[in-house]
There are 2 protein chains.
Amino acid sequence: MKVTINDVAKHAGVSMKTVSRVINKEPSVRKKTYDIVMQAVKELNYQPNTAARNLAGTSSFAIGLVYDNPNAYYIIDMQNGVLSRCKEEGYELVIHPCSASDPDMQQEIATMIQRSRLAGLVLTPPLSEQKHIIQMLDDLGITYVRLLSGQNNDPEKEQGSTAEHRHNNCIYVDDYAAAYEITEHLINLGHKTIAFACGDAEHKSTTERLAGYKQALDDNQLEFNDALVYGGTYSFESGVEGAKALLKNNNESGITAILGGNDEIAAGALFASRLMNIAIPEQLSISGFEDSPFSRQTWPKLTTAHQANSVISEHAARLLFSKTRGSRSHDKDIITTFTPSVVIRESTGPAPK
Amino acid sequence: MKVTINDVAKHAGVSMKTVSRVINKEPSVRKKTYDIVMQAVKELNYQPNTAARNLAGTSSFAIGLVYDNPNAYYIIDMQNGVLSRCKEEGYELVIHPCSASDPDMQQEIATMIQRSRLAGLVLTPPLSEQKHIIQMLDDLGITYVRLLSGQNNDPEKEQGSTAEHRHNNCIYVDDYAAAYEITEHLINLGHKTIAFACGDAEHKSTTERLAGYKQALDDNQLEFNDALVYGGTYSFESGVEGAKALLKNNNESGITAILGGNDEIAAGALFASRLMNIAIPEQLSISGFEDSPFSRQTWPKLTTAHQANSVISEHAARLLFSKTRGSRSHDKDIITTFTPSVVIRESTGPAPK
DNA sequence: TTAATTTTTGACACCGGTATCATAAAATAT
DNA sequence: ATATTTTATGATACCGGTGTCAAAAATTAA
């Protein structure tokens with residue numbers, strides 16, 4: 001029933017080590033031998049036993065994906081992107097949802113790494129931003145890749161000694177640029193009083209998006225007003241609350257557009273507007289951020305910044321693999337900075353007079 | 001740095017086999033010995049190496065979760081439920097998204113099982129309903145649990161010989177009852193012309209929900225009308241199309257309520273109503289099914305049938321473990337049939353006169 | 001108290017690969 | 001053609017646990 005490397009070796013008339021070489025695509029195997037072995041592999045339908053490889057090898061054929069993020073769409077995209085690369089490389093994926101509020105989190109991650117002898121880790125925000133996690137991974141000496149909000153400027157310069165400053169293992173999403181772009185879109189529509197309903201303050205993405213928004217205002221001679229910024233979380237409920245707070249007293253601030261920290265916030269704002277009988281986009285424009293499927297399922301559909309999460313995570317995995325194995329993959333194919341692009345739908349329109 | 005079972009054995013002054021017994025909670029270890037070993041485990045912070053256990057043991061300490069379902073919320077819940085049980089049991093989870101349209105799917109699943117020597121598999125619909133998959137798993141002799149739509153009636157009677165008829169490895173969601181309940185809710189609100197926007201026809205859940213709907217109509221002396229059933233898919237877009245089709249020609253059929261096959265369909269119907277300037281719930285009631293977070297983020301919020309996906313999947317994992325290991329867990333704690341319960345929100349209301 | 005039985009524990013051979021290093025074969029130089 | 005270098009292959013010792021079976025210790029019976 002189950003075929004082992006020895007069966008293949010016998011069938012092909014070579015040693016088991018040669019079979020091992022072939023399936024691991026090691027160099028220095030003659031073309032002819034390679035073909036013979038592959039033939040045997042096919043004929044016997046041989047599947048290398050993961051456990052055995054993991055045990056015998058220096059590191060296992062598995063990587064981990066760690067996340068602390070309640071956004072289902074985001075997570076699924078992350079998983080799928082990483083999985084597709086894993087499949088390509090013949091690796092397994094160990095997923096690890098966790099919660100920053102859990103005091104054992106750090107220990108748990110360490111345990112997981114140790115038990116499964118993971119070859120590497122992909123960290124998504126906001127975990128990827130936490131110093132103590134990074135510190136721990138460095139202490140453990142494990143390879144990892146971080147998904148971050150920001151830009152990968154001056155890579156040479158950034159090769160700092162401390163982990164937080166070493167940026168050659170990061171994939172960036174340029175939220176700053178995207179927020180700038182989307183704010184500009186609103187400005188171009190004639191909006192002058194644009195509010196921003198932020199996500200969690202601790203997330204780097206919030207800071208970045210806020211900065212991009214500010215810069216866009218500034219570059220267009222619009223004054224930044226602190227009262228137009230609502231600090232919340234990346235959730236629908238926060239969007240509802242945010243919109244209510246921003247538009248209080250019959251919109252005394254004269255807001256004509258709200259930039260949502262993400263699609264959920266925007267959807268919440270949409271919901272609140274509905275409650276307050278505000279027509280979108282005639283009386284108020286609302287934009288989201290991320291372009292999750294969600295943004296196409298609201299009324300009206302959301303203008304947002306498209307973020308190709310599964311592509312991003314696939315590249316994160318690519319980068320990770322380029323660091324673990326003898327970098328079989330070409331680092332050059334790896335994109336390390338992604339900039340979401342504005343997708344215009346029906347939730348934004350010309351500013352009312 | 002890394003602690004092995006031998007280190008623990010030495011530290012505790014016992015043989016490595018005894019340590020193995022302790023960490024596997026095997027019987028016939030004296031309390032005193034057990035304590036000594038556990039003490040050593042703690043002191044050294046020993047983590048058993050998964051790969052080694054998998055290799056040496058009869059089956060590996062990992063189970064698989066296979067799904068072909070585009071619904072992110074659903075998948076995340078499934079994963080989390082199964083994961084929580086895995087954590088409890090010290091197992092790993094191998095996730096495997098796949099697509100029925102992929103001709104290699106079956107082979108891929110077989111490969112995964114073989115490579116990772118999975119101890120078992122949890123199958124979610126619609127994969128869990130496909131005969132050829134079940135057949136294959138049986139041929140492979142692997143343990144699995146299926147999540148199905150239906151009821152677990154007459155368990156004794158059902159112990160048929162063919163896999164499709166063996167139902168002691170299934171967890172049921174009673175969509176029939178839930179659909180009945182939700183339809184009745186609409187009827188009680190005075191609705192007499194209730195449409196049903198179905199999900200994918202091949203899904204058992206569609207058949208079940210439809211049957212429950214029909215029965216409720218019947219029990220309340222309302223005639224079933226084929227023209228009021230729209231056959232679509234479990235997607236937002238389908239909900240939009242479905243509502244448009246059902247309400248065509250200025251709602252010539254006089255529909256006052258639409259039962260959505262799931263929340264996404266309902267959200268789509270909501271969207272379409274908006275397009276057609278139909279007020280919800282004043283002119284038309286719409287209900288969803290599943291109670292995904294989604295149903296709380298539409299306007300108005302959806303009346304729906306709450307389905308505790310993460311609990312369901314946790315029980316699926318429970319059931320699986322009860323079959324794989326020496327059934328350490330008590331089968332009696334396992335619920336095998338779940339009935340979603342109606343959650344009333346704002347998308348349904350009294351029928352218009 | 002000793003024999004018989006049951007419960008605990010340990011020695012050791014695997015599980016199915018990879019890593020190392022020696023050896024054989026092929027390519028190149030002399 | 002032979003010596004030398006390079007490249008391809010194989011023998012064998014692990015990796016860190018589990019399973020088997022026999023030995024030792026603890027219980028119970030006689």
Side-chain angles (χ1 to χ4, degrees), chain A residues 1-37 40-41 44-62 90-92 114-119 324-326, chain B residues 1-37 40-41 44-62 90-92 114-119 324-326:
Chain A
M1 185 67 224
K2 63 184 154 191
V3 182
T4 77
I5 200 170
N6 279 302
D7 301 325
V8 177
K10 229 166 280 172
H11 193 84
V14 297
S15 83
M16 130 214 212
K17 179 64 216 190
T18 298
V19 177
S20 167
R21 288 197 178 93
V22 169
I23 61 173
N24 286 302
K25 296 202 176 47
E26 284 176 31
S28 84
V29 172
R30 210 175 311 167
K31 178 75 170 62
K32 209 179 98 191
T33 318
Y34 180 91
D35 291 340
I36 293 171
V37 173
V41 166
L44 301 179
N45 186 28
Y46 167 65
Q47 299 298 339
N49 177 315
T50 316
R53 303 178 86 181
N54 292 350
L55 179 56
T58 352
S59 87
S60 88
F61 283 71
Y91 271 62
E92 285 191 340
Q114 205 177 136
R115 291 174 86 115
S116 303
R117 277 160 112 240
L118 298 180
T324 51
R325 306 291 290 174
Chain B
M1 183 69 224
K2 65 185 154 190
V3 183
T4 76
I5 199 171
N6 279 300
D7 300 326
V8 178
K10 228 165 282 172
H11 193 85
V14 298
S15 82
M16 121 218 217
K17 179 65 217 189
T18 299
V19 177
S20 167
R21 288 195 178 95
V22 170
I23 61 173
N24 287 303
K25 296 200 174 51
E26 286 177 29
S28 84
V29 172
R30 209 177 311 168
K31 178 75 168 62
K32 210 179 98 190
T33 319
Y34 180 91
D35 290 339
I36 294 173
V37 173
V41 165
L44 301 179
N45 186 29
Y46 166 65
Q47 299 297 339
N49 177 315
T50 315
R53 303 177 86 180
N54 291 351
L55 180 55
T58 344
S59 87
S60 88
F61 284 73
Y91 272 61
E92 285 192 341
Q114 205 178 135
R115 292 174 84 115
S116 303
R117 279 169 100 241
L118 298 179
T324 52
R325 305 291 290 174

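Letters A, B, ... are given to chains in the order of the sequence lines, protein chains preceding strands, and every chain is numbered from 1.
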Nearest-neighbour nucleotide for the [X] side chain, [options] considered:
X	options	result
B/I23	D/dA11, C/dT18, D/dT18	D/dT18
B/L55	C/dT18, D/dG10, D/dG16	D/dG16
B/R30	D/dA11, D/dA25, C/dC15	D/dA25
A/A56	D/dG16, C/dG17, D/dT18	C/dG17

For B/R117 and B/S60, the nearest pair of non-hydrogen atoms, with its separation, is O-OG, 3.0 Å
Can you check whether any acceptor in the base of D/dA11 is under 3.5 Å from a donor in the side chain of A/K17, or vice versa?
no
Is it the case that C/dG10 (base atoms only) and B/R21 (side chain only) share a donor and an acceptor within less than 3.5 Å, ignoring hydrogens and angles?
yes
NZ/A/K17: more than 12 non-hydrogen atoms of other groups inside 6.0 Å:
yes
What is the distance from [atom1] of [X] to [atom2] of [N], rounded to the nearest Å?
X	N	atom1	atom2	answer
A/K32	D/dT7	NZ	C1'	15 Å
B/F61	C/dC15	CZ	P	18 Å
A/M16	C/dC15	CE	P	11 Å
B/D7	D/dG17	CG	C1'	13 Å
A/Q47	C/dG17	CD	P	10 Å
B/R53	D/dG17	CZ	P	9 Å
B/K10	C/dT9	NZ	P	20 Å
B/E26	D/dG19	CD	P	7 Å

Do any side-chain nitrogens or oxygens of [X] fall under 4.0 Å of OP1 or OP2 in [N]?
X	N	answer
A/T18	D/dG10	yes
B/T4	D/dG16	no
B/N24	D/dT18	yes
B/T58	D/dG19	yes
B/T33	C/dT8	no
A/S20	C/dT18	yes

From B/L55 CG over to B/T50 OG1, what is the distance, rounded to the nearest 0.5 angstrom?
12.0 Å
Which sits closer to the 5' end of DNA chain C, B/S28 or B/R117, going by the nucleotide each is nearest to?
B/S28
Can a donor-acceptor pair be found, under 3.5 Å and without considering hydrogens, that links the side chain of A/R21 to the backbone of A/S28?
no
Between B/N49 and B/A51, is there a donor-acceptor pair closer than 3.5 Å when you use the side chain of the first and the backbone of the second?
yes
Please assess A/M16 against A/T4 for the test side chain to side chain contact (heavy atoms under 4.5 Å, CB included), listing each intermediate value before the final yes or no.
CA-CA 10 Å; A/M16 130 214 212; A/T4 77; over 6 Å; no
For A/Y34, which contact category applies under a 4.0 Å heavy-atom criterion: base, sugar-phosphate, or nothing?
nothing
